[in-house]
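A short worksheet on the structure shown next.
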Amino acid sequence: MNETIDFRSDTFTLPTTAMKEFMFQAPLGDDVFEEDPSVNELEAYAAQLFGMEKALFCPSGTMTNQIAIKTHTVPGNELICNSESHIYKFEGGGIAMNSGVSARLIQKSDGFINAQDVLDCVNPDNVHFPKTTLVSLENTTNMGGGLCYDLAEIKAIKSMCKTHSLKLHLDGARLYNAIVATGTTEKDYGQLFDSISICLSKGLGAPVGSLLLGNEQFINQARRFRKVFGGGMRQAGLLASGGLYALKNHIPKLKEDHKHAAQLVEACTQNPTFESVQDVQTNIVMAFTKSEAEVVVKRLQDKGVLCVAVAAKKIRFVTHLNITPSQIEKAAFILKNI
Ligand SMILES: *Cc1c(COP(=O)(O)O)cnc(C)c1O
């Protein structure tokens, strides 16, 4: 039987034995009463890392994003984001359903927006127009192929937001990949954003959970919405401790995932099945196929390499904690020869 090598997503990471042992020992309480010591420790630790006032532990990154949008807006407002962004494309229409907010989309396939886009899309103060109140960035960009924002660009966006009294949210599901790849720090981002969401359950390897960061007033309000959305959990320290373990132990390992992704790119470029492969910055590889992507995905699956077709002729591979160097070598061999 072929061993499967799973590049479908970094959400497939399983907790390590050491992480599970740490979770098993975690002191617990009722987090809705704010009495779970492990949740409190994780939230305080993350807030301090980012130099932000407070953090809130939530079940998923979709929830942290949706709570952030809800907290920053009132119904009838408009937010600005990229058309490929997770908050718009992959959260079930939550912007409209949960917050009654419209999305002004910047159509760029790399997943980025820039300061000029914000200026072009912010509505004038006029009764005809929805009031623009929020800008949301994604870093790294998922559909863009794990690309990282230049900090200077974020600063320019921030300054535009200030001029137009807009809040700035970061969907940082893979922010740690960007931090590791660009040599930036948590505090670089903490200084620029009104709210940040980070996933603990992707490359960082915790089984469940995301964090929302912001100032005290924001997080207090976000905590109310977390309850409304059904995300107030009880002995959540069992999960939060996995996140704490991840933040303390797994960040440096992301570098290895990035190296692995580069090895996959190298392999794909040697095979004419692939029309081209996007330059890789972090742990996401986007390969363009000459024939139907689904067919290539199936052929790879038959060889034990799992990946997903994200467009008719585009395949996504995501490297992560559970992929070993020998699996990468094996996958690279298959990619060269498929
Ligand atoms: C995975 C992801 C999320 C959150 O996903 P959940 O599965 O709800 O935790 C948010 N944004 C981006 C860009 C993602 O890739």
Side-chain angles (χ1 to χ4, degrees), residues 6-15 42 46 55-70 79 81-95 97-99 103 105-106 108-113 134-149 154 168-179 181 189 193 195-213 222 225-226 229-231 233 236 239-240 242-243 246-247 254 257-258 261 281-286 307-308 310 316-321:
D6 201 339
F7 298 113
R8 286 174 298 168
S9 176
D10 42 10
T11 55
F12 283 89
T13 46
L14 297 173
L42 170 65
L56 185 70
F57 181 63
C58 293
S60 73
T62 298
M63 191 183 280
T64 45
N65 282 331
Q66 291 299 318
I67 289 174
I69 294 163
K70 183 77 185 162
L79 63 75
C81 67
N82 182 283
S83 55
E84 296 300 307
S85 61
H86 196 279
I87 62 160
Y88 176 72
K89 213 170 171 178
F90 300 110
E91 297 187 5
I95 297 171
M97 191 155 88
N98 297 321
S99 300
L105 302 176
I106 310 298
K108 286 181 186 162
S109 62
D110 58 13
F112 290 135
I113 70 176
L134 177 63
V135 173
S136 182
L137 310 185
E138 196 172 292
N139 198 21
T140 68
T141 65
N142 181 352
M143 285 300 116
L147 302 179
C148 307
Y149 268 94
I154 301 179
L168 185 59
H169 172 69
L170 174 60
D171 176 357
R174 296 186 181 82
L175 182 59
Y176 272 103
N177 294 90
I179 285 173
Y189 301 91
F193 288 91
S195 55
I196 298 179
S197 159
I198 61 165
C199 283
L200 301 165
S201 62
K202 291 194 163 146
L204 290 175
V208 177
S210 284
L211 283 164
L212 182 60
L213 296 122
F225 288 127
R226 186 183 67 174
F229 288 172
M233 300 185 287
L239 302 172
L247 288 179
L254 294 170
D257 300 344
H258 300 174
Q281 282 185 19
T282 55
N283 69 327
I284 300 177
V285 175
M286 292 293 195
C307 54
V308 291
V310 292
R316 188 186 76 164
F317 302 86
V318 187
T319 58
H320 55 77
L321 189 62

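Atoms within a ligand are numbered from 1 in the order they appear, just like the ligands themselves.
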For this session: Taking the side chain as every heavy atom from C-beta outward, state whether Lys108 and Ile113 have any atom pair closer than 4.5 Å.
Result: no

Between the protein and ligand 1, are there any N or O atom pairs that come within less than 3.5 Å of each other, and if so, what are their names and distances?
unit_1: ligand 1; atom_1: 8 (O); unit_2: Gly61; atom_2: N; d: 3.4
unit_1: ligand 1; atom_1: 8 (O); unit_2: Thr62; atom_2: N; d: 2.8
unit_1: ligand 1; atom_1: 8 (O); unit_2: Thr62; atom_2: OG1; d: 2.6
unit_1: ligand 1; atom_1: 9 (O); unit_2: Gly61; atom_2: N; d: 2.8
unit_1: ligand 1; atom_1: 11 (N); unit_2: Asp171; atom_2: OD1; d: 3.1
unit_1: ligand 1; atom_1: 11 (N); unit_2: Asp171; atom_2: OD2; d: 2.6
unit_1: ligand 1; atom_1: 15 (O); unit_2: Asn142; atom_2: ND2; d: 3.2
unit_1: ligand 1; atom_1: 15 (O); unit_2: Arg174; atom_2: NH1; d: 3.0
unit_1: ligand 1; atom_1: 15 (O); unit_2: Lys202; atom_2: NZ; d: 2.7

Problem set entry | Gln66 side chain near Phe225 side chain, heavy-atom distance below 4.5 Å | no

Exercise. So, do Leu254 and Arg174 sit near enough that their side-chain heavy atoms are less than 4.5 Å apart?
Worked result: no

For this session: With sequence neighbours excluded, tell me which residues meet side-chain hydrogen bond (donor to acceptor under 3.5 Å, both in side chains) with Tyr149.
Result: none

Exercise. Hey, does Asp110 have a side-chain heavy atom less than 4.5 Å from the side chain of Thr141?
Worked result: no

Problem set entry | Whether Tyr189 and Phe193 hold their rings parallel, tilted or perpendicular, with breakpoints at 30° and 60° | parallel

